[in-house]
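Because only heavy atoms are used, hydrogens play no part in the values below, and waters and symmetry mates are left out as well, while side chains stay in. This one's a predicted model, so the numbers in the text were calculated from it and none came from an experiment.
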Amino acid sequence: MTMTSANIRRAFLDFFASKQHQIVSSSSLIPGNDATLLFTNAGMVQFKDVFLGQDLRNYSRAVSAQRCVRAGGKHNDLENVGYTARHHTFFEMLGNFSFGDYFKHDAIAYAWEFLTAVVKLPKDKLWVTVYETDDEAYDIWLKDIGVPAERIIRIGDNKGAPYASDNFWAMGDTGPCGPCSEIFYDHGEHIWGGPPGSPEEDGDRYIEIWNIVFMQFNRHSDGRMEPLPKPSVDTGMGLERIAAILQHVHSNYEIDTFVALIKAAAEATGATDLTDKSLRVVADHIRSCAFLIVDGVQPSNEGRGYVLRRIVRRAVRHGNKLGAKGAFFYKLVAALVAQMGEAYPELAEKQAVVEKILQLEEEQFGKTLERGLVILEDALAGLSGTELPGELVFKLYDTYGFPVDLTNDVARERNLTIDQAGFDAAMAEQRKRAQQASNFGADYNNALTSNQHTVFTGYEQEFGNAQVLEILHEGQQVNALTDGQQALIVLDSTPFYAESGGQMGDSGSLTLSNGAVFVVQDTIKLGKAFAHKGHIQGAIATGDKVDAQIDSARRAAIKQNHSATHLLHAALREVLGEHVTQKGSLVGPERLRFDFSHFEAVKPEELRTIEQMVNEQIQQNNALQTRLMPIDQAKAAGAMALFGEKYDDEVRVLSMGEFSIELCGGTHVNCTGDIGMFKLVSEGGIASGVRRIEAVSGAGAVAYIQQMEQQALAVASALKGDVFSIGERVHQALDRTKSLEKEIDQLKAKLASQAGASLLDQAEQIAGATVLVTQLPATEPKALRTMLDELKNKLNSGVVLLATVNDEKISLIAGVTADLTSKVHAGQLVGWAAEKLGGKGGGRPDMAQAGGSDVGALAQVIIDAKNLISEKLG
């Protein structure tokens, strides 16, 4: 019986669980607190700190099926997707890991047992590679496993430097590294290609299916390779590749998962040729797009959101090629849930949200796709040569939102290339302009580090005794500070909360026994150290004892706003839906700011409900409870975790009754009633799919309402009423204003009519027609139109050009009676005049308006206009 992808995934996890491995769930596609990666691109990413010794787990063996994306940054397979048999933007990596437990022998034996005994691959179809000098691994394969020597290939340093080999893995230029052993499957001699290391290795006959990395060295910056005290193992096997082999197909796009998605894509687009490469692209892209949205990414114009937008737009473009009419891509989410929802329940839970976001993005892009394709087609039709100019590629990207790879797709289909260098130059110029326009600078604190460890005592107390461990002045460690110097001071323990999770750091004072005071303006984290930022009044040195006292009033206000933020988050999810997730926050003493994912503006009635819901929770005065528990237990209890945040195995869970349960390390009130009051201040969009709410609580909410009341009283007084009649009084005032404005307009029109009639005295007779070209005193543009209409009504046959100047801006209007439009075109006349006056404009043959700015040239233009009209009337 052929194994499905789901069967293979389950068999892999069960096999290693039987070998005492802890089954660890797939982590988010957003790496936790890792700025070096755009997306999770391998199974070992979530264990990176474990391998580095910075994270201790209660297990030393692990196994996972990790979802991965390679569509941006260093690992970018986007342009190959759909055109090769094995490239994907999204794939699943099956991996087993040893953290200082077993090493080469067991890692190799486990891999061989799974492949040959569990999924029963023929042993004679398997080839292996080892690092050239790794005799230990070679001997295990040869002597213990029994692989013939002719199918064990040594791969040396084939990239021009020591340890630069396909079979030597490194986490970076320095740090953990070691040799690796890869397992290849031979698809048979009917397919072109040679074994690894041969000139024909790029063929498709021998396909790598499993890589076993032996991390046994720590590489130093000087190139020295130091053996690790606890060698470890990191492995990875692509689920799609092994599924293709076990399902007896050569392409990953022929496995069960993709067959189902391709069929769904064909139904959604109306395509009939199931071998069309565009169907492959669409089927691949729905996986990456859906899972990125599940993990909190929203389409936008920067970072991860921009990569998601690129993938969506590429899928839409290929659907367009297939003949799709209207939005189709979002309809494939259901088919994906049917294939992968059991393995990844979060996909099924958020199906409706994923569909909605994809539909909105698809419809938005659909509005620009057609126009952009027309421009691209025109450029291709007039192209001489085989290369699209970089400036055109940039224009499509910058003006019409066409990702470069989308333009490249179209070009490749026509056997053309794009001028990548020209595009890069245009992009570099744009970045340069953006940098010049930016006022932001780097904060030197970001470059500081500390090896100290501070114990935080601020949950229980707001003061305490401590000792100075380290002083950082102007980026350097010093032993002492003198009066007035600014620095960062690290203590062995502190009640000061360091800025984290959106909560501002505490301020206060560090007082010495001799009366000297270090005034703390802010507190930040430097690794595991809490650094107090401020200046000294007196002197302070390392080793000194201090009394640490935070600004209690400021802390109390911050706590109110922080706890209110949790209630706001819960209320947003209750009212708007569970797709709402936190995208950022700033909690200070004056107010709170909360950014969240949502695909449309929050309606006024929804905002009222949210505000009321938060205040109801405040009035219930529920006690806040904090508990330390394992991360999995916390999530099972319903605690909200933030995507992109990294959590320890044991986490702090904050509960406010049953209404709000979140993972949080911040400081909070004791009971919800301590918040006092909550008031929304504003709501608006800050990026595609991201909204921002600003609010106040406690004394800040009271002050805000009092300020609003003062404004209302001032308005009521001006309208000679009270605050409860403001609405009625304002409407009355507006109605009166509209009535007066209408009366004024009528008077202006009457005056303009009279002025227009008197202007006829200035008209000239040219070739039997009445011609009036003149400059008027400062006149509103609207009145010019009235004058023109009045003049044309009085003329049997004529041409009129009027000009006026207001605030150094020229307004022009021209009118031509119907019998003369074949000789004098009003739009062309006014456009000619505007161009000479530094402006632009145009319009119909019988009436047109324009503007200009060169007031000094106006007198001559009026003279020239008369001459031009005379020539036209001839």
Side-chain angles (χ1 to χ4, degrees), residues 24-25 27-28 30-34 46 49-50 54-59 296 453-462 464 491-506 523-531 548 550 555-570 573 581-588 592 594 596 617 622-672 674-675 697:
V24 180
S25 299
S27 66
S28 166
I30 313 305
N33 288 355
D34 190 341
Q46 67 167 311
D49 286 347
V50 183
Q54 299 172 357
D55 183 7
L56 298 177
R57 303 284 177 97
N58 58 5
Y59 49 83
H453 184 278
T454 303
V455 176
F456 178 59
T457 61
Y459 293 134
E460 299 82 20
Q461 58 190 36
E462 297 183 354
L491 304 178
D492 61 344
S493 64
T494 184
F496 286 74
Y497 184 82
E499 180 181 343
S500 180
Q503 179 177 331
M504 287 184 175
D506 279 328
T523 311
I524 62 174
K525 281 185 179 180
L526 299 178
K528 295 184 178 181
F530 284 38
I550 69 169
R555 162 76 78 84
I558 291 175
K559 290 197 297 186
Q560 287 175 318
N561 280 331
H562 197 168
S563 298
T565 302
H566 282 235
L567 294 177
L568 171 62
H569 191 185
R573 289 172 61 83
T581 55
Q582 181 176 332
K583 290 297 179 182
S585 69
L586 180 62
V587 180
L592 64 93
F594 188 77
F596 59 98
Q617 292 299 316
N622 291 315
L624 272 72
Q625 295 183 336
T626 56
R627 294 168 291 168
L628 293 177
M629 62 176 66
I631 179 70
D632 291 339
Q633 184 180 336
K635 290 181 178 179
M640 281 286 296
L642 303 184
F643 289 112
E645 287 288 329
K646 180 185 171 185
Y647 296 100
D648 295 330
D649 282 345
E650 189 173 66
V651 293
R652 187 170 183 259
V653 179
L654 179 76
S655 304
M656 301 184 190
E658 296 182 357
F659 187 70
S660 170
I661 306 176
E662 287 194 37
L663 308 184
C664 184
T667 58
H668 289 272
V669 298
N670 294 321
C671 299
T672 57
D674 295 342
I675 299 171
S697 70

Contact between [X] and [Y] at the side-chain level, heavy atoms closer than 4.5 Å - yes or no?
{"X": "Leu624", "Y": "Met656", "value": "yes"}
{"X": "Val653", "Y": "Thr626", "value": "no"}
{"X": "Val24", "Y": "Tyr59", "value": "yes"}

Distance, nearest 0.5 Å, that separates [atom1] of [X] from [atom2] of [Y]:
{"X": "Gln633", "Y": "Leu628", "atom1": "CD", "atom2": "CG", "result": "11.0 Å"}
{"X": "Ile558", "Y": "Thr565", "atom1": "CD1", "atom2": "OG1", "result": "11.0 Å"}
{"X": "Thr523", "Y": "Glu499", "atom1": "OG1", "atom2": "CD", "result": "9.5 Å"}
{"X": "Leu592", "Y": "Leu568", "atom1": "CG", "atom2": "CG", "result": "6.5 Å"}
{"X": "Asp492", "Y": "Thr454", "atom1": "CG", "atom2": "OG1", "result": "7.5 Å"}
{"X": "Lys559", "Y": "Ile675", "atom1": "NZ", "atom2": "CD1", "result": "11.5 Å"}

Quick one: closest heavy-atom pair of [X] and [Y], and the distance?
{"X": "Asn670", "Y": "Asp674", "answer": "N-OD2, 3.3 Å"}
{"X": "Gly464", "Y": "Pro495", "answer": "N-CG, 4.4 Å"}
{"X": "Asp506", "Y": "Arg555", "answer": "OD2-NH2, 2.7 Å"}
{"X": "Gly666", "Y": "Arg652", "answer": "O-NH1, 2.9 Å"}
{"X": "Cys671", "Y": "Ala623", "answer": "SG-CA, 4.0 Å"}
{"X": "Arg57", "Y": "Gln46", "answer": "NH2-O, 3.4 Å"}

**Request:** Please say whether more than 12 non-hydrogen atoms of neighbouring residues, nucleotides or ligands are located less than 6.0 Å from CD in Glu658.
**Result:** no
**Asked** In a check of side-chain contact (heavy atoms from CB on, under 4.5 Å) between Phe530 and each of Phe456, Phe496, Tyr497, which one passes?
**Response** Phe456
**Request:** From the options Leu586, Asn561, Thr667, select the one residue that forms a side-chain contact (heavy atoms from CB on, under 4.5 Å) with Gln503.
**Result:** Thr667
**Request:** Quick one: sort the Phe596 and Phe594 rings into parallel, tilted or perpendicular, breaks at 30° and 60°.
**Result:** parallel
**Asked** Hey, what's the ring geometry for His562 with His668, parallel, tilted or perpendicular (30° and 60° as the breaks)?
**Response** tilted
**Item:** Ser697 side-chain N/O to Ala564 backbone N/O, donor-acceptor pair under 3.5 Å
**Value:** no
**Request:** Check for a donor-acceptor pair, side chain of Ser660 on one end and backbone N or O of Ala570 on the other, with a separation under 3.5 Å.
**Result:** no
